[in-house]
Amino acid sequence: MRMNGKVLIVGGGAMGTSVALGAAKRCDPLTEPVILLERDALGSGSSGRMSAIIHQGYRDRMLAGMARDALKVYAGMGPNFGRSVGYKRTGVLVVAGPEGEAVHELERDVAMQSEIGIDVRMVGAAEMRRICPGIEIDEDAVGSYEPQGGFVDPMRTIGTFAALARSKGATTRTGVTKPEVIVEGGRAVGVATSEGEFRAPNVVLATGAWTTKILEGLGVDLPLRVVRTEETFMEMPPVTVLDDGEDGVDDDIESRFKPDPLDLRPAAHPVIIDRPGGMSIRCEPKAGRSRAQRIGTDHLTELERPKNLGSDVDPEVLAWMRPRVEARMPVYSGMEDVGGQTAWVTLTPDGHPIAGPIEAIPGLWIVAGFSGNDFQLAPSIGEGLAQMIVGDPVSAFAPEFFDPSRFGATPAGAR
């Protein structure tokens, strides 16, 4: 089989489907088709397993603005497109600690975020207890609160991006394995796969942890690190919910024809980002559980090569997590452990993602290194990269911020 297009995307996670949507909006489906290839089901990789917390608490002004725009996209999916991404506005509460440098930094961040239109404010102990009843904090505790923040359902979001891309004429092909970028005359012209060749003058690698391996085959060296994340699940504390007879929700019906189950099943508390405790907690009402994960990347185990994703979480992670969750939210003391899961994320040396062209191989584009922040940045990355590919002015982000060339992304032998 041989299939031709204008833009060829490898990888069906949050970034790949977002780029497909951005490109499909700008390309004629008959003369300039957009094609997305995925080796398994859409969202079957790491991005489908993420907590997908949506908050705007970045220290960098541009990233904060991109997260602000993402929240608007997710909140508008139902009204604008009649589709659900499982956006749940629980609010996001950041606990920074008592007075100190961490609090001063948070105050500076909140001031900047407010300047660019983000609804966020500093909060003290009394307001934190009002926002999150049952939270255990000191009287001098200080934090911030985003009332519009919350989370999305990762699989629904990926599925919605893909469905909207298809509505604009894009093609998604799953079960396509062994991708190898075809380079002719020094330029990327397509991808050879288990299902034959797919040709396009623009090839986008949205392949997450597999990006380094694919680039190595091209002699291109990017300093991406692959690390393993672990997340633990425990029963969500009880809240008042509509019973099944009232909500009438059948989860097998296509989401655009029904109310969002996450809107009908409340969360037990806001998303909590506990900086002194080094963890985050967010409810998952549909599954009746809460998800807890360490924040930061310094503790993560680096992998030479990504391996099969499993659900086995190191017992030491649970032993570390459980007492911290219970100390911050004592209501979890009576909640059972209900498993966990692992995923991979890719990191860059400067902590900023990569999104842009590989100068050494014209026609090859990369999106990688998002440190697990895929869903907060995906809408802007999809728009901005599509603008770059078709030659439009880039308004979704500053290209130089994400430019792969800052790492000297040239053939390894040319250095």
Side-chain angles (χ1 to χ4, degrees), residues 49-55 57 84 86-97 123-139 141 143-156 229-247 249 251 259-295 311 313 315 317-341 375:
R49 296 178 169 222
M50 290 182 179
S51 285
I53 294 171
I54 305 301
H55 77 106
S84 169
Y87 165 62
K88 186 71 174 176
R89 185 175 67 85
T90 62
V92 175
L93 177 63
V94 176
V95 181
V123 291
E127 190 168 4
M128 281 194 264
R129 292 188 182 111
R130 181 186 64 80
I131 292 166
C132 185
I135 192 170
E136 186 67 29
I137 49 174
D138 296 333
E139 289 301 325
S144 68
Y145 181 60
E146 296 175 38
Q148 303 299 320
F151 55 86
V152 295
D153 182 302
M155 291 299 290
R156 282 189 173 208
T229 66
E230 296 179 291
E231 192 173 26
T232 62
F233 303 149
M234 57 193 72
E235 284 184 306
M236 189 178 77
V239 291
T240 302
V241 298
L242 296 174
D243 62 38
D244 291 338
E246 274 185 69
D247 66 30
V249 171
D251 288 345
D260 184 349
L262 293 177
D263 288 339
L264 301 176
R265 302 171 189 175
H269 56 75
V271 172
I272 299 171
I273 298 177
D274 184 351
R275 291 182 179 174
M279 63 172 183
S280 66
I281 318 168
R282 78 99 156 160
C283 300
E284 193 171 17
K286 185 179 177 182
R289 66 189 184 188
S290 295
R291 306 167 65 139
Q293 188 172 20
R294 293 182 70 171
I295 57 177
S311 297
V313 174
V317 174
L318 180 60
W320 182 94
M321 185 72 67
R322 185 84 200 198
R324 285 165 172 78
V325 171
E326 293 179 358
R328 184 62 72 195
M329 291 291 289
V331 68
Y332 281 98
S333 298
M335 301 295 107
E336 292 186 7
D337 297 321
V338 288
Q341 66 183 6
F375 289 92

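None of the values given here were measured: they were computed from a predicted structure.
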Checklist outcome for this item: In short, Pro238 meets Met335 closest at the heavy-atom pair CD-CE, 4.2 Å

Checklist outcome for this item: Residues at least two apart in sequence or cross-chain that pass ring pair (Phe, Tyr, Trp, His ring centres under 6.0 Å) with His55, listed by chain then number, are none

Checklist entry - Does the ring of Trp320 carry Arg322 above it, NZ/CZ under 6.0 angstrom from centre and within 45° of its axis? => result no

Checklist entry - Does Glu127 have any side-chain hydrogen bond (donor to acceptor under 3.5 Å, both in side chains) partners at least two apart in sequence or in another chain, and if so, which? => result Arg121, Arg130

Next on the checklist: Is any side-chain heavy atom of Asp337 closer than 4.5 Å to one of Phe233?
Outcome noted: no

Item to check | Heavy-atom check, side chain of Val325 versus side chain of Met234, under 4.5 Å | outcome: yes

Item to check | Step-by-step side chain to side chain contact (heavy atoms under 4.5 Å, CB included) determination, Lys286 to Arg265 | outcome: CA-CA 7 Å; Lys286 185 179 177 182; Arg265 302 171 189 175; 3.7 Å; yes

Next on the checklist: Checking Arg328 now: which residues fulfil side-chain contact (heavy atoms from CB on, under 4.5 Å) with it, not counting sequence neighbours?
Outcome noted: Val95, Ile135, Ile137, Asp274, Pro276, Met279

Checklist outcome for this item: Hits for side-chain contact (heavy atoms from CB on, under 4.5 Å) against Ala268, two or more places apart or cross-chain, chain-then-number order -> Met236, Pro237, Val239, Cys283

Checklist entry - If we only count heavy atoms from C-beta on, is the Ile273 to Ile295 side-chain gap below 4.5 Å? => result yes

Next on the checklist: Can you list everything that forms a side-chain contact (heavy atoms from CB on, under 4.5 Å) with Met155? Sequence neighbours excluded, please.
Outcome noted: Asp153

Next on the checklist: Quick check: closest heavy atoms across Leu318 and Pro323, and the distance to 0.1 Å?
Outcome noted: O-CD, 4.3 Å

Next on the checklist: Between Gln341 and Thr232 (side chain of the first, backbone of the second, donor and acceptor by atom type, cut-off under 3.5 Å), is there such a pair?
Outcome noted: no

Checklist entry - Residues in salt bridge (Lys or Arg N to Asp or Glu O under 4.0 Å) with Arg294, at least two apart? => result none

Checklist entry - By side-chain hydrogen bond (donor to acceptor under 3.5 Å, both in side chains), which residues pair with Arg282, not counting sequence neighbours? => result none

Item to check | Set of residues satisfying side-chain hydrogen bond (donor to acceptor under 3.5 Å, both in side chains) with respect to Gln148, sequence neighbours excluded | outcome: none

Item to check | Any residue meeting side-chain hydrogen bond (donor to acceptor under 3.5 Å, both in side chains) with Ser280, in chain and number order, not counting sequence neighbours | outcome: none

Next on the checklist: Could you measure the distance from the OG1 atom of Thr90 to the CZ atom of Phe151? Nearest 0.5 Å is fine.
Outcome noted: 5.5 Å

Checklist entry - Sequence neighbours excluded, which residues qualify as ring pair (Phe, Tyr, Trp, His ring centres under 6.0 Å) partners of Tyr332? => result His269

Checklist outcome for this item: Residues Met128 and Gly143: closest non-hydrogen pair is CE-N, 3.7 Å

Next on the checklist: Going by the rule salt bridge (Lys or Arg N to Asp or Glu O under 4.0 Å), which residues pair with Glu336 if we only count those two or more places apart in sequence or in a different chain?
Outcome noted: none

Checklist entry - Can you check whether Ile53's main-chain N or O pairs, donor with acceptor, with Ser51's side chain at less than 3.5 Å? => result no

Next on the checklist: Any non-hydrogen side-chain atom of Met329 less than 4.5 Å from a side-chain atom of Ile272?
Outcome noted: yes

Next on the checklist: Using side-chain heavy atoms (C-beta onward) and a distance below 4.5 Å, is Gln293 in contact with Met50?
Outcome noted: no

Next on the checklist: Using a strict threshold of under 4.0 Å (side-chain N to carboxylate O), is an ion pair present between Lys88 and Glu284?
Outcome noted: no

Checklist entry - Quick one: are Ile281 and Val271 in side-chain contact, heavy atoms under 4.5 Å? => result no

Checklist entry - Can you check whether Tyr145 reaches Val92 side chain to side chain, under 4.5 Å on heavy atoms? => result no

